[in-house]
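The block underneath contains the structure these notes are about, expressed in C-alpha cells.
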Amino acid sequence: MATGMSLTLCFLTLRHKRPKAKYILWPRIDQKSCFKSMITAGFEPVVIENVLEGDELRTDLNAVKSRILELGAENILCVHSTTSCFAPRVPDRLEGLAEICAKYDIPHIVNNAYGVQSSKCMHLIQQGARRGRIDAFVQSLDKNFMVPVGGAVVAGFDDSFLEEISKMYPGRASASPSLDVLITLLSLGASGYKNLLTERKELFAYLANELKTLAAKHNERLLDTPQNPISLAMSLKNMNDKGTSAITQLGSMLFTRQVSGARVVPLGTSQTVSGHVFKGFMSHSNDYPCAYLNAASAIGIKKQDIDLFIKRLDKCLRQCRKEKPVEVVASGAPPTTDEEITELTKDLTASLHVEAEDLD
C-alpha cells in the first residue's frame, strides 16, 4: 500500500489499544491523502492550525496541549504529525510533540513521506523518540527510492507494535513494491544510494541560490524557510495584484513546458475534503500573507534539471509580466513558441540518448 493507506493501517491497529478514542490531533498540512487516511480509519481529525513565524508555518504546541485537555487524553487515538512538506510549512516540532505524547500517554504516528532522503527529517524522528514518544513513522517508496508509486515503509522503535500493524493487513498483498525496491537498491548499491542523498543535499543549496537570484530579478523574494530541508517557496506578490487567474496561468504555462514538479499557490482558495472546509487550501494556512511558487530538490535531481527549470520559469515570469494577457489556445493552455518546441525536442532527444546508453 502507498503512504495514505499505510497510515490508515497504523490508526486501525491503535484502535484495539484505545477502543474509546475517536479523535486524532493533526497539525494542518494541505495534502489530501493525510487527511483522508484518518477519515477512512473512522476517526475524527482535529485540525491544529499552524502559527506563522517569520515566513515559516510552524507547529502550535500550545494549541495541541489545549485540545488534549479539552477533549481528554483517553478520547484521543494519537497525534498525527508530519516531517517533510511543501514550504513555507516546515517539519513539525517533533521533539515537542513527542514529549507531549509521552506526558499524556498518547500514541504518536509520523507521516515521513519524503523524509528518508533528508538527514534532518530522520534526525528529528530520532530526537523525538529519544526525548518522548514516537510509535511509528511511515515513508513513501517512490518518493525516497525512485520506484513506481504504490508502496511504503512502516518503521518504528517497538518491534511488537510493528508486528501488530503487519498482522492487521487482511489477506495477502502484492510483492511488486518490495521487488521494485530490491532491484533498485541492488542496482545502486549502498554507496550509490548514499551518493544520491549527498547530491540532493548539495543541489538543494544550488536551487535555493538560483531561485533567490531569479526572484530578485523579478522583484520577488525567496521565502525564508531554513527549517525545510527539501522544499523552497518564492513569493508571487506582483502577480497576485493581477488576480488569481494570473497565478494559476503561470502554473499552466510551466506544466505545458514539462515543468511538473513545481506548483503555484494562489491566495483565498477553499476546498472541501471529506466534509471539512480548508480555507487557503494548499498554503497550510487560512490566510498566508502572499501567493507563492514551490520548487523542491528531491532525490535523483541533477544540476541540469535545475538550470532548465530556472530558464523556463524565467521565461514564463517575463511573459506573465507583459501588460496584455497571454493568449490561451483552445485547450486552455498558453501557446508554445517555436524556440520552446526546439528546446523540448532537444531535451527529449538527450533523454532518449541517455536511456539508450544505460541499456548498452
Determine, using the 4.5 Å side-chain heavy-atom cutoff (strictly less than), whether [X] and [Y] are members of one ILVMFWY cluster.
X	Y	answer
Phe204	Met146	no
Val64	Val47	no
Phe43	Trp26	yes
Phe281	Ile247	no
Phe309	Leu236	yes

Pairwise side-chain contact, [X] with [Y], heavy-atom cut-off 4.5 Å (strictly under):
X	Y	answer
Leu52	Ser285	no
Leu196	Arg200	no
Ile39	His276	no
Met234	Leu317	yes
Leu57	Phe86	no
Leu254	Leu293	yes
Lys17	Glu164	yes
Leu9	Val154	no

Can we say [X] and [Y] salt-bridge, meaning some charged N sits less than 4.0 Å from an Asp/Glu carboxylate O?
X	Y	value
Asp314	Arg318	yes
Glu199	Lys303	no
Glu70	Arg67	yes

Ignoring hydrogens and geometry, is there a side-chain-to-backbone donor-acceptor pair from [X] to [Y] under 3.5 Å?
X	Y	answer
Thr40	Ser37	no
Thr198	Lys194	yes
Asp305	Ile301	no
Ser187	Ile183	no
His284	Ile29	no
Asn294	Ala87	yes

What distance separates [X] [atom1] from [Y] [atom2], expressed to the nearest 0.5 Å?
X	Y	atom1	atom2	result
Gln139	Ile125	CD	CD1	6.0 Å
Ser119	Leu197	OG	CG	8.5 Å
Phe11	Ile165	CZ	CD1	10.0 Å
Gln117	Lys201	CD	NZ	12.0 Å
Asp60	Asp92	CG	CG	11.0 Å
Asn209	Leu203	CG	CG	11.5 Å

Discussion item. One pair to check against side chain to side chain contact (heavy atoms under 4.5 Å, CB included): Gln127 and Leu124. What are the steps and the verdict?
Written reply: CA-CA 5 Å; Gln127 288 296 97; Leu124 289 174; 5.9 Å; no
Worksheet item: Under the side chain to side chain contact (heavy atoms under 4.5 Å, CB included) criterion, do Ile106 and Arg18 qualify, and how do the steps go?
Response: CA-CA 10 Å; Ile106 297 173; Arg18 302 172 72 83; 4.1 Å; yes
Give the table of side-chain donor-acceptor pairs shorter than 3.5 Å for residues 220-228, with sequence neighbours excluded, one pair per line with atom names and distance.
residue, atom, partner, partner atom, Å
Glu220, OE1, Ser235, OG, 2.7
Glu220, OE1, Lys237, N, 3.0
Glu220, OE2, Lys237, N, 3.2
Glu220, OE2, Asn238, N, 2.9
Glu220, OE2, Asn238, ND2, 3.2
Arg221, NH1, Asp55, OD2, 2.8
Arg221, NH2, Asp55, OD1, 2.8
Arg221, NH2, Asp55, OD2, 3.3
Gln227, OE1, Lys120, NZ, 3.3
Asn228, OD1, Ile230, N, 3.1
Asn228, OD1, Ser231, N, 2.9
Asn228, ND2, Cys85, O, 3.0
Asn228, ND2, Arg89, O, 2.9

For [X] versus [Y], what's the shortest heavy-atom pair and its separation?
X	Y	answer
Leu211	Leu313	CD1-CD2, 3.9 Å
Ser297	Leu207	N-CD2, 4.0 Å
His108	Arg133	ND1-O, 2.9 Å
Asn111	Ala113	OD1-N, 3.2 Å
Leu25	Pro27	O-CD, 3.9 Å
Val138	Thr3	CG1-CG2, 3.9 Å

Practice prompt. Assess the side chains of Thr83 and Asn112: does a donor N or O sit below 3.5 Å from an acceptor N or O?
Written response: yes
Worksheet item: Do the side-chain N and O atoms of Asn50 and Arg28 include a donor-acceptor pair separated by under 3.5 angstrom?
Response: no
Worksheet item: Run the side chain to side chain contact (heavy atoms under 4.5 Å, CB included) check on Tyr206 and Asp307 step by step: do they pass?
Response: CA-CA 10 Å; Tyr206 179 71; Asp307 292 337; 2.5 Å; yes
Practice prompt. Using the ring pair (Phe, Tyr, Trp, His ring centres under 6.0 Å) rule, collect all pairs that involve residues 133-158, keeping only residues at least two apart or in two chains.
Written response: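 Found Phe137-Phe157, Phe145-Tyr193.
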Worksheet item: Just wondering, are more than 12 heavy atoms of other shown residues or ligands nearer than 6.0 Å to CE in Met5?
Response: no
Worksheet item: Take atom OH in Tyr114; do more than 12 heavy atoms of anything else shown fall under 6.0 Å from it?
Response: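 For Tyr114, atom OH is not crowded (no more than 12 foreign heavy atoms under 6.0 Å).
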Item to complete: Step by step, work out the side chain to side chain contact (heavy atoms under 4.5 Å, CB included) result for Gln271 and Met282.
Response: CA-CA 9 Å; Gln271 186 154 344; Met282 291 201 307; over 6 Å; no
Practice prompt. Among Arg131, Arg93, Lys65, find the residue that satisfies the salt bridge (charged side-chain N to carboxylate O under 4.0 Å, His left out) test when tested with Glu99.
Written response: Arg131
